[in-house]
**Q** 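One structure follows; several queries about it will come next.
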Amino acid sequence: MLDLKFVRENVAKVKEAVENKNEKTDVDLILSVDEKRRSLLSEADKLKHQKNVVSEKIAQMKKEKRDAKEEIEKMRKVSAQIDSLDKELKEVEEKMADLLLTVPNVPHSSVPIGFDEDSNVVVRTWGEIPKLDFEPRPHWELGQILGILDLPKAAKVSGTGFLVLTGKGAKLQRALINFMLDLHTQKHGYEEVLPPFMANRPSMTGTGQLPKLEDDMYLCEREDLFLIPTAEVPVTNLHREEILKAEQLPVYYTAYTACFRREAGAYGKDTRGMIRVHQFDKVELVKFVKPETSYDELESLVIDAEEVLQLLGLPYRVRVLCTGDLSFAAAKCYDIEAWASGVGKYLEVSSCSNYEDFQARRMGTRFRPKKGGKLQYVHTLNGSGVALPRTMIALMENYQTKEGTILIPEALRSYMGGMEEIK
RNA sequence: GGAGAGGUGCCGGAGUGGUUUAACGGGGCGGUCUCGAAAACCGUUGUGCCGUAAGGCACCCCGGGUUCGAAUCCCGGCCUCUCCGCCA
């Protein structure tokens with residue numbers, strides 16, 4: 001959420017952001033509602049002031065046992081006026097709040113302007129794309145041959161877009177989770193959190209999934225709870241409506257969770273295998289930082305995520321997203337994409353974003369800079385560190401052998417009980 | 001699910017229908033003292049909104065209601081705690 005004052009004072013900038021992000025927010029409507037709101041507010045405030053003054057007078061008169069009938073009668077009328085103004089004001093303010101939630105964050109000045117993902121810019125690549133001397137198999141074939149991925153059973157149990165990992169496949173997934181959590185907690189200084197996999201509306205609104213993306217999420221209607229689409233939601237909301245101490249910043253969290261996405265509107269895309277599924281595992285990184293450091297923190301966040309792929313020996317590239325591909329709440333975002341030999345393309349395994357104070361303002365997460373200074377909103381960031389099925393895909397497809405087995409990267413072997421190969 | 005208790009500021013914790021941002025304590029900040037520090041003492045310390053400003057308004061979990069006037073009384077909701085039931 002942007003500050004209403006900021007919108008008022010930076011109309012051109014906000015309209016440009018709406019345009020560049022391909023959003024449809026009506027900024028002029030916001031301005032006119034704001035004007036209405038302010039005029040109602042000052043009218044109501046005047047009457048309330050009168051009420052307060054006269055109420056005090058009535059109290060005084062009662063104390064002196066004088067008759068206050070006339071004043072009471074007058075106030076009865078004023079109160080009625082206030083009531084009706086307040087009612088109108090409430091409607092206008094609710095409308096204002098709803099409108100403000102539809103204004104996207106303003107992209108950082110370093111973000112390339114562009115309409116869609118074709119304008120994303122590769123900032124670096126790492127590793128060599130493996131040159132296999134045989135026709136590489138896609139992961140679903142490998143999974144079937146080795147008996148570690150059973151898509152037909154997943155379809156039977158739940159439907160398309162779900163996975164059943166079995167035996168060494170399940171173990172490999174668990175190994176990856178543990179490997180990543182250990183890396184981030186032990187080497188990168190993140191605190192591990194295991195949050196709920198369901199979140200309420202205020203939380204979903206806090207991080208910016210609501211109101212825009214409601215249809216992309218699974219909703220348990222009886223409880224009005226959403227299955228989390230990412231650990232970003234529960235972990236970032238840990239500090240909703242809180243005032244953090246300046247000296248405790250920056251705060252780093254890492255969390256493993258399952259993630260649930262309806263993938264509405266993605267029908268026909270990546271339907272085979274486990275590239276795009278309704279439920280997947282992910283290790284997430286979340287940061288709460290001081291505003292002046294947030295862009296440095298974004299760079300180090302990306303590096304922390306990249307290290308996962310480096311240690312696994314998976315080649316990847318990092319792209320900075322252009323304005324049109326940038327999510328609603330983000331000010332800047334890097335995608336990390338791992339190369340997968342079987343399907344022959346780069347797969348997005350991480351998205352690292354700086355939200356600046358956009359989420360913090362929605363959540364009410366602030367800190368006091370020091371010495372009785374004014375409260376300020378923190379900056380929040382998060383990134384996958386990293387998402388699992390696609391990392392599994394890259395691993396399976398890049399480490400496959402001519403015989404259809406999969407070599408296990410060095411870094412993972414201790415997590416696999418010393419296993420060197422899945423065969 | 002049943003019964004009870006409670007939700008107050010940065011934190012702990014009082015609170016009478018009528019000068020309430022709200023006793024008291026802690027913390028923070030400023031100062032006195034000190035070579036320096038601790039201790040002690042004194043002072044100070046909420047947030048948001050409107051307004052060029054002076055100033056004003058709102059806020060004691062959330063939403064309604066009663067009243068000239070509600071942190072205080074009534075109703076609904078959410079959350080926490082205790083006991084009982086159920087349960088991996």
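In what follows, chains are A, B, ... by sequence order, proteins preceding strands, each numbered from 1.
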**Q** Expressed as a whole number of Å, how far does the C1' atom of B/G12 sit from that of B/G4?
**A** 25 Å
**Q** Tell which nucleotide pairs with B/C57, taking only Watson-Crick or G-U wobble pairs whose two distances are both under 3.5 angstrom.
**A** B/G48
**Q** Could you tell me whether A/F358 and A/F328 have their ring centroids closer than 6.0 angstrom?
**A** yes
**Q** For nucleotides B/G9 and B/C62, find the distance between their P atoms and express it as a whole number of Å.
**A** 10 Å
**Q** Under 4.0 Å between a side-chain nitrogen and a carboxylate oxygen: does that hold for A/E214 and A/R201?
**A** yes
**Q** Can you sort out the partners of A/E192 under side chain to side chain contact (heavy atoms under 4.5 Å, CB included), two or more places apart, ordered by chain and number?
**A** A/L181, A/T185, A/T254
**Q** Aromatic contact between A/H239 and A/Y253, with the criterion being ring centroids under 6.0 Å apart: yes or no?
**A** yes
**Q** Strictly distance-based, threshold 3.5 Å: is any side-chain N or O of A/T207 a donor or acceptor partner for the main-chain N or O of A/S203?
**A** yes
**Q** Using the C1' atom as the point on both nucleotides, what is the distance between B/G30 and B/U19, in whole Å?
**A** 29 Å
**Q** For each nucleotide in nucleotides 48-59 of chain B, reading 5' to 3', give B when a protein heavy atom comes within less than 4.0 Å of its base, S when such contact involves only the sugar-phosphate, and - otherwise.
**A** SSSS----BSS-
**Q** B/G65 and B/C29: how far apart are their C1' atoms, nearest whole angstrom?
**A** 43 Å
**Q** When you compare B/C11 with B/G46, how far apart are their P atoms, in angstrom units rounded to a whole number?
**A** 14 Å
**Q** Side chains of A/H379 and A/E297: is there a donor and an acceptor less than 3.5 Å apart?
**A** no
**Q** Determine the interatomic distance between P on B/C59 and the same-named atom on B/G26; round to the nearest Å.
**A** 31 Å
**Q** Let's see if you get this right: which residues in residues 78-92 of chain A place a heavy atom under 4.0 Å from RNA chain B?
**A** A/S79, A/K90
**Q** What integer distance in Å separates A/E241:CD from B/G46:C1'?
**A** 15 Å
**Q** Starting from the 5' end of RNA chain B, give me the residue, A/M75 or A/E56, whose nearest nucleotide shows up first.
**A** A/E56
**Q** Please give the distance between the P atoms of B/A40 and B/A53 as a whole number of Å.
**A** 42 Å
**Q** Please test A/N382 against A/K287 for side chain to side chain contact (heavy atoms under 4.5 Å, CB included), starting from the C-alpha separation and ending with a verdict.
**A** CA-CA 6 Å; A/N382 67 61; A/K287 291 184 175 185; over 6 Å; no
**Q** Can you tell me the Watson-Crick or wobble partner of B/C35, both distances under 3.5 angstrom?
**A** none
**Q** Could you state the CD-C1' distance from A/Q248 to B/C10, rounded to the nearest angstrom?
**A** 12 Å
**Q** Is there a side-chain contact between A/L47 and A/Q50 (heavy atoms, below 4.5 Å)?
**A** yes
**Q** Using whole Å, report how far CD of A/E242 lies from P of B/U47.
**A** 17 Å
**Q** Any strand counts, and the cut-off is 3.5 Å on both contacts for Watson-Crick or G-U wobble. Which nucleotide pairs with B/C68?
**A** B/G18
**Q** For B/A14 versus B/G28, give the span between their C1' atoms, rounded off to a whole number of Å.
**A** 22 Å
**Q** Assess the side chains of A/E299 and A/Y334: does a donor N or O sit below 3.5 Å from an acceptor N or O?
**A** yes
**Q** Starting from C1' on B/U67, measure out to CD1 on A/I72 and report it in whole angstrom.
**A** 10 Å
**Q** Applying a 3.5 Å limit to both distances, which nucleotide forms a Watson-Crick or G-U wobble pair with B/C79?
**A** B/G6
**Q** Assess whether a salt bridge exists between A/R262 and A/D215, defined as any Lys/Arg side-chain N lying under 4.0 Å from an Asp/Glu carboxylate O.
**A** no
